[in-house]
There are 2 protein chains.
Amino acid sequence: MSTPSAALPVPAGRAAAADALPGERIAEGPGSPAFSPLYRQIKALMTRSLQAGEWRPGEAIPSEMDLAARFKVSQGTVRKAVDELATDNLLVRRQGKGTFVATHAEQKIQYRFLRLAPDQPSGERAQRRFLDCRRQRAPADVARLLGLKAGDAAVQVRRVLSFQGQPVIYDDIWLPGKPFKGLTAERLAAYGGPLYAMFEAEFGVSMIRAEEKIRAVAADALAAEVLGVAAGSPLLSVERLSLTYGDRPVELRRGLYRTEAHHYRNELS
Amino acid sequence: MSTPSAALPVPAGRAAAADALPGERIAEGPGSPAFSPLYRQIKALMTRSLQAGEWRPGEAIPSEMDLAARFKVSQGTVRKAVDELATDNLLVRRQGKGTFVATHAEQKIQYRFLRLAPDQPSGERAQRRFLDCRRQRAPADVARLLGLKAGDAAVQVRRVLSFQGQPVIYDDIWLPGKPFKGLTAERLAAYGGPLYAMFEAEFGVSMIRAEEKIRAVAADALAAEVLGVAAGSPLLSVERLSLTYGDRPVELRRGLYRTEAHHYRNELS
DNA sequence: GAGTGGTCTAGACCACTTC
DNA sequence: AAGTGGTCTAGACCACTCC
């Protein structure tokens with residue numbers, strides 16, 4: 001192998017991605033330092049392969065040796081790229097078996113983004129009830145957050161989650177119309193698992209990370225009715241913007257949580 | 001260097017820690033796999049040095065080459081240990097300068113654990129007002145969470161944080177009496193910076209990570225008075241347990257946040 | 001036994017900071 | 001120029017999984 005700073009040669013062609021690469025590693029911008037190490041370029045190429053669907057959720061990606069050959073770098077460099085993708089939760093390593101594309105369908109990773117926990121732990125699963133699923137124009141605020149133009153098609157889903165028979169979460173969910181064409185109340189009800197698993201399996205949309213804004217609010221008439229509390233009761237308001245590859249927003253979820261017997265848990269470090 | 005599985009030889013003595021090491025790397029428990037790679041043992045030794053105060057917040061630790069010599073391993077192995085300590089936020093790497101012990105006194109890291117953000121960003125700093133600082137016996141629930149015996153000495157601090165003249169946060173803070181001997185209202189008022197910077201500088205207690213439980217609650221009479229809202233108004237209740245080295249709990253903080261113009265932000269991944 | 005990821009080493013060179 | 005962390009390589013061996 002030549003020096004680390006040399007341009008990456010274009011490896012043999014593959015199905016989905018061409019693995020083309022900028023000719024130089026140092027950005028040419030005037031005075032811009034913008035140095036990107038080799039392993040980050042590999043990481044970017046691999047992210048593209050994930051985004052393009054060359055490797056699908058749940059599947060194994062090629063072995064480190066194969067990737068090293070494909071990208072014409074040492075195994076250690078591939079390893080560092082995979083390490084970062086694994087800590088970003090895009091990949092999951094399993095010693096002796098291989099490296100796999102992360103999936104929301106996994107039993108152990110299900111409800112990865114749900115931070116509400118019961119005060120008294122109980123292995124019980126959530127009961128879902130869908131209130132409606134409508135296709136309509138995105139309101140201005142929703143459009144802005146989802147990166148749509150005001151008036152673009154969107155899908156609104158509203159549902160209630162119950163634990164031990166008690167309604168606890170009311171979710172008002174907005175999805176961009178384009179990638180979620182064909183989403184209906186029937187399909188929602190038919191699919192057993194978590195929403196994010198369905199989005200991934202049936203629409204090819206993988207939620208990678210999310211940003212939440214949390215507040216305390218007073219229950220309005222609708223929320224009070226749906227959640228079975230008095231109007232004016234304090235509820236946790238959780239606005240979640242979910243992002244897919246490349247930090248593209250693909251879901252806006254406004255949740256109201258009852259927190260008499262549950263709490264939102266968080267780890268700071 | 002001998003094989004990776006060999007026991008670590010005890011390096012030359014140092015001031016604070018003896019760097020003693022278990023004779024074998026594989027735990028002897030019957031059938032227990034408990035394999036611990038070399039770099040994790042190095043990490044544990046370094047954590048001990050941090051805990052023992054051999055390296056203090058803000059100071060530089062020895063260079064990777066020095067550490068490699070001290071522990072009689074390769075630089076790469078030290079590097080992996082330091083990498084993990086850096087992602088755990090115990091250390092901070094600065095290329096060309098060295099590796100430093102993380103500190104809450106740092107301007108850029110200040111208020112690391114405060115997740116409340118204004119809806120309209122404003123570079124304004126918090127105004128603090130201390131309501132009281134009392135030395136007393138820990139109530140049962142506080143004692144349990146702090147790992148004290150019921151009735152052990154504790155320090156209770158209550159304070160209000162205001163932003164742009166508006167009271168926004170009411171904190172009820174409990175600290176174990178032993179390590180915080182000598183904490184008084186006067187010293188609190190005298191110290192300018194964040195509480196955690198003071199705890200670190202004046203009591204040698206470094207907060208490393210924290211666990212929070214968040215709820216929506218109705219303001220009681222006291223909270224309403226202190227925060228200037230109507231009784232019954234929704235407030236965000238944030239219970240934080242802060243931990244120091246070795247996951248030892250050293251602070252219980254119960255906060256009530258007004259969220260009309262602020263929100264608790266969180267990143268999920 | 002073959003294949004996978006995981007650890008450890010040794011050495012070269014690069015980028016950044018300080019003197 | 002010297003010292004620090006950061007990158008990259010090549011090779012050996014270990015731990016785990018599956019056939």
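Here is how names work: the chains are called A, B, and so on, in the same order as the sequence lines, proteins then strands, and each is numbered from 1.
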Atom-to-atom span, [atom1] of [X] to [atom2] of [N] - whole angstrom:
X       : N      : atom1 : atom2 : value
B/Leu67 : D/dG6  : CG    : C1'   : 16 Å
B/Leu38 : D/dC13 : CG    : C1'   : 13 Å
B/Ile61 : D/dT4  : CD1   : P     : 12 Å
B/Gln95 : C/dT17 : CD    : P     : 7 Å
A/Arg93 : C/dG3  : CZ    : P     : 19 Å
A/Phe35 : C/dC14 : CZ    : C1'   : 7 Å
A/Glu64 : C/dT7  : CD    : P     : 11 Å
B/Gln75 : C/dA12 : CD    : C1'   : 12 Å

Under 4.0 Å between a side-chain N/O of [X] and OP1 or OP2 of [N], yes or no?
X       : N     : answer
A/Thr77 : D/dT9 : yes
B/Lys80 : C/dT7 : yes
B/Arg94 : D/dG5 : no
B/Lys97 : D/dG5 : no

Selected nucleotide, minimal atom distance to [X] side chain, candidates [options]:
X       : options               : answer
B/Arg79 : D/dG5, C/dT9, D/dC8   : D/dG5
B/Tyr39 : D/dC16, C/dA15, C/dT7 : C/dT7
B/Ser63 : C/dT7, C/dA10, D/dG5  : D/dG5
B/Ser74 : C/dA10, D/dC8, C/dA15 : C/dA10
A/Pro37 : D/dC8, C/dT7, D/dT9   : D/dC8

Between B/Tyr39 and B/Asp83: side-chain donor-acceptor atoms closer than 3.5 Å: no
Any salt bridge between A/Arg112 and A/Glu106, counting N to O under 4.0 Å? no
For B/Glu267, is there an ion pair with B/Arg265 - N to carboxylate O distance below 4.0 angstrom?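 So B/Arg265 does not pair with B/Glu267 through a salt bridge.
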If you assign each of B/Thr99 and A/Arg40 to its closest nucleotide in DNA chain D, which residue comes earlier from the 5' end? B/Thr99
Around atom CZ of B/Arg248, are there more than 12 heavy atoms of other residues, nucleotides or ligands at under 6.0 Å?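 For B/Arg248, atom CZ is not crowded (no more than 12 foreign heavy atoms under 6.0 Å).
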Flag if over 12 foreign heavy atoms under 6.0 Å of CZ, B/Arg56: no
